Amino acid sequence: MNEIFGVPVPALLGQLTLGLVNGSFYALLSLGLAVIFGMLHIINFSHGACYMMGAMFTWMALEYLGLGYWWALLLVPLGVAVIGIVLERLLLRRLYRFDYLYALLLTFGIALMIEGGFRQAFGVAGQPYAIPEALAGAFDLGFMMLPRYRAWVIVVSLAVCLFTWFMIEKTRLGAYLRAATENPRLTQAFGINVPLMVMLTYGFGVGLAGLAGVLAAPTAQVGPLMGSNLIIVVFAVVVIGGMGSILGSVLTGLGLGVVEGLTKVFYPEASAVVVFVIMAVVLWFRPAGLFGKEA
């Protein structure tokens, strides 16, 4: 069978693969948002800017320091996490006792400042970043050619998502963290440094966005606008999965990436809005999201 519903099988499988790659980015980014909201109750609107910084720092490390992809994969997420920790200590920590909308507005302002700074320094044109030599080429699966780098993105994203879920849901550290967010005074009475855990959690969440930026650098034009173009879709993914649901964000991100890829095959005009249509339908029937808990 060479066609399915009039679409050539290679084209359909290619779009499915591309959708799975996009879904991996959605899963990784929405995971960071879910960790920050679920643990700290902060809607981090600067997440797209952190993703952009990850990609820009990767390009800058190669352009100005001569550090290749593998060094960037190690160092850039740590650098973005450190920036997030500084912002949490200096700014966000002052707003925890107020309504969450204050933190949303602050992080939105931070995102505009970061994006504006990079636009001023580098302009709005995207910069190319070459795929590392070890990941160049493609796997011949018989029915299609799978680029090695796309396979790498899928594997790394899934591994990081599963590791994060396991650490938060199945380990003592995760139990301490959940306790610190639900009852910080009682948790601190047991000798646990709650402010430190909050700070590190925020840093880890934005570090995930930085990691997604590193992975995205060889697949897209690296530029200051790449975060703002993606963050709205990622927020929709988090809302559909359920705000604060770790597993929901991962599964929904992967699923919506595949749905988006299929939509590009069968009805390309709707591919830009299909995620938001699904969000409207889900919220109509389940306001807390697919995996969220009703208040």
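Sequential numbering from 1 along the given sequence is applied to the chain's residues. Nothing here was measured: the structure is a model prediction, and the numbers come from that model.
L162 and V160 sit in two unconnected hydrophobic clusters of ILVMFWY residues. Membership requires side-chain heavy atoms under 4.5 Å apart, directly or through other members. Taking hydrophobic clusters as Ile, Leu, Val, Met, Phe, Trp and Tyr residues chained together by side-chain heavy-atom distances below 4.5 Å, W152 shares a cluster with L31. Criterion: ILVMFWY side-chain heavy atoms under 4.5 Å apart, direct or through other members. Under it, Y69 and L78 are not part of a common hydrophobic cluster. Under the 4.5 Å side-chain heavy-atom criterion for Ile, Leu, Val, Met, Phe, Trp and Tyr, F266 and V259 are members of the same hydrophobic cluster. Residue M167 is grouped with residue V198 when hydrophobic side chains (ILVMFWY) are merged at heavy-atom distances under 4.5 angstrom, including chains of intermediate members.
Atom-to-atom distance recorded for S228:OG and I114:CD1 is 12.5 Å, nearest 0.5 angstrom. M197 contributes atom CE, which lies 12.5 Å from atom CZ of F204 (distance to the nearest 0.5 angstrom). Distance check, rounded to the nearest 0.5 Å: CG of L91 to OG of S46 gives 10.5 Å.
G248 and F291 get closest at one heavy-atom pair: CA-CD1, 3.4 Å. Annotation for G207 and A81: closest pair CA-CB, 4.2 Å, computed over non-hydrogen atoms. Nearest heavy atom pair, residue Y102 against residue L95, reads O-CD1, 3.8 Å. The two atoms that bring P128 and Q221 nearest to each other are N-OE1, 3.8 Å, heavy atoms only. Residues L211 and P77 come closest through the heavy atom pair CA-CG, 3.8 Å. Minimum interatomic distance between V206 and G203 (heavy atoms only, all atoms of both residues): CG2-O, 3.3 Å.
Taking the side chain to side chain contact (heavy atoms under 4.5 Å, CB included) definition, one finds that T201 meets it with V35, M39, L40, L177, sequence neighbours left out. A search for salt bridge (Lys or Arg N to Asp or Glu O under 4.0 Å) contacts involving R119 returns E115, not counting sequence neighbours. Residues forming a salt bridge (Lys or Arg N to Asp or Glu O under 4.0 Å) with R93 (at least two apart in sequence, or on another chain): E88.
Checked by atom type and distance alone, the side chain of T171 pairs as donor or acceptor with a backbone atom of G174 at under 3.5 Å. Judged by distance alone, the side chain of S157 and the main-chain N or O of I154 form no donor-acceptor pair under 3.5 Å. Between the Y149 side chain and the L215 main chain, a donor and an acceptor come within less than 3.5 Å of each other.
Within 6.0 Å of CD in E269 there are more than 12 heavy atoms belonging to other residues, nucleotides or ligands.
The closest side-chain heavy-atom distance from L158 to C161 is not below 4.5 Å. For the pair I43/T107, no side-chain contact is recorded, criterion being any heavy-atom separation below 4.5 Å from C-beta on. V238 has its side chain out of reach of F37: every pair of non-hydrogen atoms, C-beta onward, lies at least 4.5 Å apart. At least one side-chain heavy atom of F276 sits under 4.5 Å from a side-chain heavy atom of V233. V250 places none of its side-chain heavy atoms less than 4.5 Å from the side chain of S30. Contact of the I231 side chain with the Y51 side chain is not registered, since no non-hydrogen atoms from C-beta on lie closer than 4.5 Å. Using a 4.5 Å cut-off on side-chain heavy atoms (C-beta onward), R150 and T219 make no contact. Using a 4.5 Å heavy-atom cutoff, the side chains of K264 and N22 are in contact.
Taking the six-membered ring where tryptophan is involved, the planes of F118 and F122 are essentially parallel, since the angle between them stays under 30° and well short of 60°.
Applying the 4.5 Å side-chain rule to ILVMFWY residues, one finds L65, L67, W71, L74 in the same cluster as L75. Other members of the hydrophobic cluster containing L200, listed by chain and number, are I85, L196, M199; membership follows side-chain contacts under 4.5 Å among ILVMFWY residues, whether direct or relayed.
Listed by first and then second residue, the side-chain hydrogen bond (donor to acceptor under 3.5 Å, both in side chains) pairs that reach into residues 244-261 are Y26-E260, sequence neighbours excluded.
Screening N44, I42, L208 for a side-chain contact (heavy atoms from CB on, under 4.5 Å) involving L33 leaves a single residue, N44.
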